[in-house]
Amino acid sequence: MNTESKTQWMLLYPLWLRAWHWTNALLFIILLTCGFSLHFADSGWTLVPFATARTWHNLAGLALTVGYLVFVLRNWTSGNIRHYKPDWRGWSSRLLRQAHYYGVEIFQGAAHPFPVRREQKFNPLQQLTYVCVVYLGLPTLIVTGLLLLRPELAPEAILGMAGLWLIAVVHYLAGVGLTVFLIMHIYLATVGKTLTSDLKKMITGWEEVTLADPR
Amino acid sequence: MFSTKRKKHVALGAVLASLLLMQSDLSFASQSDLERNEPCLRCHGMKTFGYVKPETGKLVNLSVSQAALDQADHQGNLCVDCHRGGYRKMPHPQHKVTADTCLECHEDERGFEKYRMNAITAHFKKSVHYQMQPEQFNCFSCHDPHAGRLHKMGDSTETVVEKSNQVCLNCHSTLLPFEESHAWLPNGQLHQKAVRCLECHTPRPSSVVHAIEPAAKAEKDCVACHSRDSILLTKLNKYRLGRGEDKLGFVNSVVMDDSYVLGMTRHSALDKLGIFAVALTVSGVSAHGIGRWFSRRRGKSS
């Protein structure tokens, strides 16, 4: 599909976006390692001592919060948010088309069904995932994390038990969900045109864009 | 201990009491009066009753609060049950016959096994307080027999913690301010409101909390509390363990009425779900990657 379309190299990932992405990557690894060390402190599998893990988890969480606010603002003002707005026409069939590609066609050497375009650099599944992560997962993680950092602000009781329990459970589940995302995100970075093409684009910011509309 | 204003009041009270009681004795007191503690509280019931000890120059508070006594465990006792002799003359002579420790009444052998005084005494003698000042330190250095009340089942953890910590802070707020000595402890104020000083300042595992250790030996391992086998289960929460509650599948859910303790109040199913989700994802992407590698090799060879 679209093998004969014209392409052009474009800067789709400006410096601020790449800086946020790689800072987030580092913070995620710190938060994940320290969060695991705190939650499973007595498991014998921890990588960081409890007191150190607490300090780093708090600092990384605050940095993630600041970075997130900067991203949301810059994403909106720069116009990059257009990539996060779903095109509802034929949305579900395009999702299935992308899923079919990942599940079947990729093993047959088929081309990507939705090549990168200037107006839409994400494929439908990628877009849905990013919207969920950025506008649902991260805010949930951040708000619950801030309440755990300042427990005196949490409700005193929820369902007759200490108010923090539900906040802690939601924080844990959000952490698990974003860990699953991180693993899939790293793996799917290898399914570009070459094994390392997606990695390179997140370093340089430049990507080969298809000019013709594939639909 | 006393403010300047209070000192003046105490001194004034002492002078008044001395004038009132000079050359007098308790021989006028009837048996029924004594049974109501009335002759004693006539003086000791005054809020500012005390004297300045000549040897040290320090004020000695001799006041007993009727209100505090009325809610104390000893509320039904007579003064003369413990203050047994030498009180007839006033001012009272130096050598009086008084119960110096709780053991004089509450020995296990006298039917008070439930208070575990023998075990408490053994632990107390190991405490840093007794080791450093065996002559000066006794039960009453910490526990006021005129106001003390044992914690009861149903008392909120907040109340238990506050009352217990106040016993330590009566001396340690001036001797060794908490903020200075506990600067290393994250969220120090929250910890102080949530757990007793005794959780970390007595050896583990132990439910008898009178063997208070030197500061250098205090518990500083966060995981001691923040784990499934938290030491809080054998100390602060020991009376709750028998309830066998299981709220929404949480481990150690008996403490969840009052607090959520990271690492202690865990949910086994959610822990397993998290590990399973991550393992499944790693397996899935690994299998997918291997599939891609094989299909690419097959493509090249064909």
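So you know, we letter chains A, B, ... as the sequences are listed, proteins then strands, and number each from 1.
Heavy atoms closer than 4.5 Å to chain B are found nowhere in A/Thr55, neither backbone nor side chain. Within the 4.5 angstrom heavy-atom criterion, atoms from both the backbone and the side chain of A/Phe107 approach chain B. Residue A/Leu188 does not touch chain B at all, counting heavy-atom pairs closer than 4.5 Å. Heavy atoms of B/Leu280 lying under 4.5 Å from chain A are absent altogether.
For B/Lys163, the NZ atom is densely surrounded, since the number of other residues' heavy atoms within 6.0 Å is greater than 12.
Checked against the 6.0 Å centroid threshold, A/Phe122 and A/Tyr84 count as a close aromatic pair.
In plain terms, the two heavy atoms of B/Arg196 and B/Leu236 that are nearest each other are NH2-N, 3.4 Å.
Most heavy-atom pairs under 4.5 Å with chain B, from the set A/Leu173, A/Thr179, A/Val176, A/Val180: that is A/Val180. When the candidates B/Asp271, B/Leu270, B/Val278, B/Thr281 are compared by the number of heavy-atom contacts under 4.5 Å with chain A, B/Asp271 comes out ahead. Among B/His288, B/Arg296, B/Lys220, the residue making the largest number of heavy-atom pairs under 4.5 Å with chain A is B/His288. Between chain B and the options A/Leu38, A/Val191, A/Leu182, A/Asp42, the largest number of non-hydrogen pairs under 4.5 Å is found for A/Asp42. Highest contact tally toward chain A, considering only B/Leu262, B/Leu273, B/Leu190, is held by B/Leu262 [criterion: heavy-atom pairs under 4.5 Å].
Although no hydrogens or angles enter the test, the distance criterion places a donor-acceptor pair under 3.5 Å between the side chain of A/Trp165 and the main chain of A/Ile158. Here the side chain of A/Gln127 pairs a donor or acceptor atom with the backbone of A/Lys85 at under 3.5 angstrom.
A salt bridge is absent between B/Lys235 and B/Glu199; no separation between the charged side-chain nitrogens and carboxylate oxygens falls under 4.0 Å.
In this structure, a donor-acceptor pair under 3.5 Å is absent between the side chains of A/His39 and A/Tyr172.
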